Number of protein chains: 2
Amino acid sequence: MAKTPTPREQARQRTIAEILRIGREQLAKEGAAALSLRAVARELGVVSSAVYRYVASRDELLTLLVVEAYTELGDRVDAAVDAAPGTPFERFAALARAVREWALAEPARYGLLFGAPVPGYHAPAEQTTAPGTRVVARLAGILEQAWAVQGGGSADDDGAGPGGRLPAQLAADLETIRREYGLTIPVQLLARGITVWSGLFGAVNFEVFGQYGRGTFTDPAAYFELVIRQLAAQVGIPEGPG
Amino acid sequence: MAKTPTPREQARQRTIAEILRIGREQLAKEGAAALSLRAVARELGVVSSAVYRYVASRDELLTLLVVEAYTELGDRVDAAVDAAPGTPFERFAALARAVREWALAEPARYGLLFGAPVPGYHAPAEQTTAPGTRVVARLAGILEQAWAVQGGGSADDDGAGPGGRLPAQLAADLETIRREYGLTIPVQLLARGITVWSGLFGAVNFEVFGQYGRGTFTDPAAYFELVIRQLAAQVGIPEGPG
DNA sequence: GGTAAATCGTGAGCGGTGCTCTCGAATATG
DNA sequence: CATATTCGAGAGCACCGCTCACGATTTACC
């Protein structure tokens, strides 16, 4: 049926792609709140109301851009991890570096994903959660690999740090996550992994959003390498070949 | 001279305070981007242009609210740490809990400080950096105390984790920070402290901005307690009395 | 091939925003 | 008391998101 899409449909897809491209530019140049359908229309050489033939609202355009950004970040992370040497540490480091580099290259789009919510806009969970979990899913995979490489270890000792028993409810929640993702690592390690996950984005946030204070680090990348080692150590991934 | 400020000046200060109060409400209710001078004027029962007699622009109002928010967060943290038992772990935990609780109670204002920058708005560093460093300064103090309590330790071993020598430039940067804050802890521990700092706000960000996914943790506070222990361990602050 | 239906761009229009300017009234200062 | 300063009102400019009625074009159907 839809072998050769009708010319009109082709034109429509081209126009939508063009709107996304302009929207991406506006987003990168001015930031999320400055994204304006009227400006997109101007750039497109069309009257403002015409854009509504292709995009229902500003929020929908924002959602499309959010999904696109999540996808791009996920692709970058996947590519970086795939290209990295096989040791858990190198794979984790590749993931972390990919996140940081994309964030620094696309601060506005990164802010759209991990910054404060845009006023009045709420990302619809149905469309954004799936692409939004790609990074953490990949991180979980690396933890799985590291855990397997180390031969599983004892069930009580998950590698490092304060053991301690978990509150029952918390353990149950972690168990649910474990099942959903099909993981075999113990819940204590999973908990550490989640903290590493938020810690990674915390460090990237601080750098991208300028929380460290300007001029604090002459070579932020060097400091980030240190962060990588600290985070990796938290989940029992030593720097040497593991 | 300004013993009894002129009645007009009193009225002016009252009006400014009222504008801030309304702005705070708008911010809390609608979020940073929804903050509108016209809405403030309406609430104030005055025509929109009149507000400009007191506040130069929307950005200035935003800056005032940023400073106010930083101050309030700093006060909460100070109060919580002061009221906590004297062990480094308890003081650190009190700091972390205070940050989280304020963030959850005031998500919009928290987002204004630690989320993505509001579009088109850049906080002037002169006014915001000083109140913005209170939390990290307090954290540094706790690390100092913990370091002192432990008797200093050896200069090479800072307590935990991957030692490793630091790159020269990075060590120099950290040394500068150490001097500026008048710290005695070794730079390796300082580096770990910075990571803990960003890790703390990363975890709070994830919870406040809903990055974990809704319903993931039935008791987020319990998970946060785990995060506290993990972060504390990173800077060599054991849970037991130190 | 001709006709009916779906699509699309235009332009006007509504209510909202930040911000500027002028003007008259109220207030403080000499 | 006269002068100078402060302040609120109102009009206005340019922008925003979004809706609607209207022709022109293109598609689909018979």
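It should be emphasised that the depicted structure is a prediction, and the values quoted were computed from it without experimental measurement. Naming convention: chains lettered A, B, ... in sequence-line order (proteins, then strands); numbering from 1 in each chain.
- One atom, CG of L62(B), and another, P of dC19(C), lie 11 Å apart when rounded to the nearest Å.
- Atom-to-atom distance recorded for Q26(B):CD and L61(B):CG is 9.5 Å, nearest 0.5 angstrom.
- Going from atom OH of Y54(A) over to atom C1' of dC8(C) covers 6 Å, rounded to whole Å.
- For R53(A), the listed nucleotide lying nearest its side chain is dC8(C); candidates were dG18(C), dC18(D), dC8(C).
- If you take CD of Q26(B) and P of dG16(C), they are 14 Å apart, rounded to a whole angstrom.
- As a whole-Å value, the separation of R8(A) CZ from dT27(D) C1' is 6 Å.
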For this session: Before giving the answer on side-chain contact (heavy atoms from CB on, under 4.5 Å), spell out for V135(B) and Y70(B) the whole-Å C-alpha distance, their side-chain angles and the decisive distance to 0.1 Å.
Result: CA-CA 9 Å; V135(B) 172; Y70(B) 269 129; over 6 Å; no
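- The nucleotide whose nearest atom lies closest to any side-chain atom of S36(B) is, among dC8(C), dC18(D), dG18(C), dG18(C).
- A distance of 12.5 Å separates CG of L143(B) from OH of Y181(B), quoted to the nearest 0.5 Å.
- Closest approach to the S48(B) side chain among dT17(C), dC8(C), dC19(C) is made by dC19(C) (side chain taken as heavy atoms from C-beta onward).
- Distances shorter than 4.0 Å separate some side-chain N or O of R42(B) from OP1 or OP2 on dT17(C).
- Note: CG (L61(B)) to P (dT17(C)) measures 14 Å, nearest angstrom.
- A straight line from CZ of R12(B) to C1' of dA26(C) spans 15 Å, rounded to a whole angstrom.
- Contact annotation: S49(A) side-chain N/O to dT10(C) OP1/OP2 distance is not under 4.0 Å.
- Of the residues listed (F114(B), W102(B), F209(B)), the one engaging F201(B) in a ring pair (Phe, Tyr, Trp, His ring centres under 6.0 Å) is F114(B), and it is the only one.
- Whole-Å rounding puts the L44(B) CG to dC7(D) P distance at 13 Å.
- For E60(A) and dC18(D), the CD to P distance is 10 Å, given to the nearest whole Å.
- Taking every side-chain heavy atom of V46(B) into account, dG8(D) is the closest of dG8(D), dC19(C), dG9(C).
- Looking at Q13(B) and E9(B), their side chains do bring a donor and an acceptor atom within 3.5 Å of each other.
- For dG8(D), the OP1/OP2 oxygens have no side-chain nitrogen or oxygen of Y52(B) closer than 4.0 Å.
- Closest to the R38(B) side chain, of the nucleotides dG18(C), dA21(D), dG11(C), is dG18(C).
- The nearest heavy atom of DNA chain D to V47(B) and to S57(A) marks one nucleotide each, and the one closer to the 5' end goes with V47(B).
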